[in-house]
Amino acid sequence: MGVTVDVHQVYKYPFEQVVASYLRKYPHPMDKNVISVKIVEETRDVSTGIIYRKRIAICQNVIPEILRKVSILKVPSIQLEEESWLNPQERNMAMRSHCLTWTQYASMKEESVFRESTENPNWTEFVQRGRISITGAGFLNYILETFASTFLRQGAQKGIRIMEMLLKEQCGAPLAE
C-alpha cells in the first residue's frame, strides 16, 4: 500500500542562505539520528552552471526495539543516498533521496525542491514529498508503514525547526514582508 508525507515551508530568507544552511544542516545536536553525511560525488556543468552532488547519510536505526526481533530489522544503522541539482541562475535546488538499506523489503523515496518564493523573491519555498512502502514483511507491513509515516512527519517538522534555528544563528532575524 504505502504512505505519503507532504511538506511545504516558506523560509523568510534568501535562497542562497537557505541552501547553504541546508548543506550544513547535519549532523546536528537536535537530531542525533543522523550520524554523518558525506559528499561522494560533486560536479559542475560548465555550460549550465548546475552543481550536482551525491551525498550518503548514515543514520541510526530508529525502528522500535520490539520490531527489531525480526532479524532483517536488526541493523545498527541505515544508509540514505541524496542527489541534488543546484541551479544558482534559476535559484532552485531539486533533490531526490532514497534508502539504500532494506531495498528488498522497503522503498523510501523523497523528492524535494528549494526555490525562490512566488510571494517574495527574498524568501525561499521548500516543498517535499516522501513515500514509503513496505513489502515482504507479511502482517508487519502495516505496522512498519504506520511507524514510518509518523517518523517521517516528525522528522520533517524537526528538520524545519533545525533549518529555522540555523538560519537565525547564521543570518539573523527573518526578512519581513
Side-chain angles (χ1 to χ4, degrees), residues 3-45 49-63 76-101 108-132 147-177:
V3 293
T4 302
V5 175
D6 292 312
V7 176
H8 181 261
Q9 176 72 19
V10 174
Y11 296 103
K12 294 182 177 182
Y13 294 89
F15 172 78
E16 294 77 12
Q17 291 176 342
V18 172
V19 168
S21 290
Y22 173 79
L23 292 172
R24 291 189 303 264
K25 183 171 145 184
Y26 293 115
H28 192 276
M30 271 182 64
D31 191 345
K32 298 194 185 320
N33 293 328
V34 181
I35 299 165
S36 68
V37 177
K38 182 170 74 171
I39 296 173
V40 294
E41 184 179 345
E42 185 169 342
T43 58
R44 180 186 198 100
D45 184 313
I50 294 174
I51 300 167
Y52 168 80
R53 282 184 192 90
K54 184 187 289 187
R55 305 190 309 167
I56 302 290
I58 307 294
C59 303
Q60 288 183 29
N61 183 351
V62 295
I63 291 180
S77 61
I78 299 164
Q79 287 192 7
L80 303 172
E81 178 182 85
E82 175 192 80
E83 294 179 283
S84 65
W85 295 265
L86 171 60
N87 187 332
Q89 291 175 317
E90 293 185 11
R91 297 183 83 206
N92 71 53
M93 183 167 81
M95 297 164 292
R96 278 196 318 240
S97 305
H98 66 274
C99 187
L100 299 173
T101 309
M108 190 289 291
K109 296 179 180 179
E110 286 180 345
E111 292 189 4
S112 312
V113 66
F114 285 104
R115 62 181 170 231
E116 183 179 293
S117 172
T118 53
E119 284 181 67
N120 182 326
N122 290 315
W123 295 352
T124 305
E125 185 177 12
F126 173 66
V127 179
Q128 181 178 68
R129 170 163 274 188
R131 178 153 177 80
I132 292 183
F147 169 76
S149 172
T150 301
F151 184 76
L152 272 182
R153 278 182 179 68
Q154 290 173 347
Q157 292 309 310
K158 187 187 294 183
I160 288 169
R161 284 193 307 272
I162 292 170
M163 282 292 293
E164 290 282 3
M165 189 179 80
L166 287 173
L167 286 161
K168 199 168 188 177
E169 283 174 2
Q170 296 165 7
C171 310
L175 298 172
E177 307 284 327

Requested in this report: Show your reasoning for whether salt bridge (charged side-chain N to carboxylate O under 4.0 Å, His left out) applies to Arg129 and Glu111.
Outcome: CA-CA 5 Å; Arg129 170 163 274 188; Glu111 292 189 4; over 6 Å; no
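Side-chain contact between Asn33 and Phe151 is present, with at least one heavy-atom pair separated by less than 4.5 Å.
Taking each heavy atom of Ala156 and Val7 in turn, the nearest pair found is CB-CG2, 3.5 Å. Considering every non-hydrogen atom in both Phe147 and Val62, the closest pair reads CZ-O, 3.2 Å.
Here the CG atom belonging to Asp6 is positioned 10.5 Å from the CZ atom belonging to Arg131, to the nearest 0.5 angstrom. Atom CD of residue Glu81 and atom NZ of residue Lys109 lie 11.5 Å apart, to the nearest 0.5 angstrom. The distance from atom NZ of Lys54 to atom CD1 of Ile39, rounded to the nearest 0.5 Å, is 13.0 Å.
At a threshold of 4.0 Å, the pair Glu16-Arg91 counts as salt-bridged, since one of the basic side-chain nitrogens sits closer than that to a carboxylate oxygen. A salt bridge links Arg115 with Glu125: the distance from a Lys NZ or Arg NE/NH1/NH2 to an Asp or Glu carboxylate oxygen falls below 4.0 Å.
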For residues 19-27, which side-chain N or O atoms pair as donor and acceptor with protein atoms under 3.5 Å away, sequence neighbours left out?
{"from": "Ser21", "atom 1": "OG", "to": "Gln17", "atom 2": "O", "distance (Å)": "3.2"}
{"from": "Ser21", "atom 1": "OG", "to": "Gln170", "atom 2": "OE1", "distance (Å)": "2.9"}
{"from": "Tyr22", "atom 1": "OH", "to": "Glu82", "atom 2": "OE2", "distance (Å)": "2.3"}
{"from": "Arg24", "atom 1": "NH2", "to": "Gln170", "atom 2": "OE1", "distance (Å)": "2.5"}

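For the pair Thr124 (side chain) and Tyr11 (backbone), a donor-acceptor distance under 3.5 Å is absent. In this structure, the side chain of Tyr13 engages the main chain of Gly172 through a donor-acceptor pair within 3.5 Å.
For CD of Glu90, the number of neighbouring non-hydrogen atoms (other residues, nucleotides, ligands) closer than 6.0 Å is 12 at most.
Legend: residues meeting salt bridge (charged side-chain N to carboxylate O under 4.0 Å, His left out) with Glu42, ordered by chain and number and at least two apart, are Arg53.
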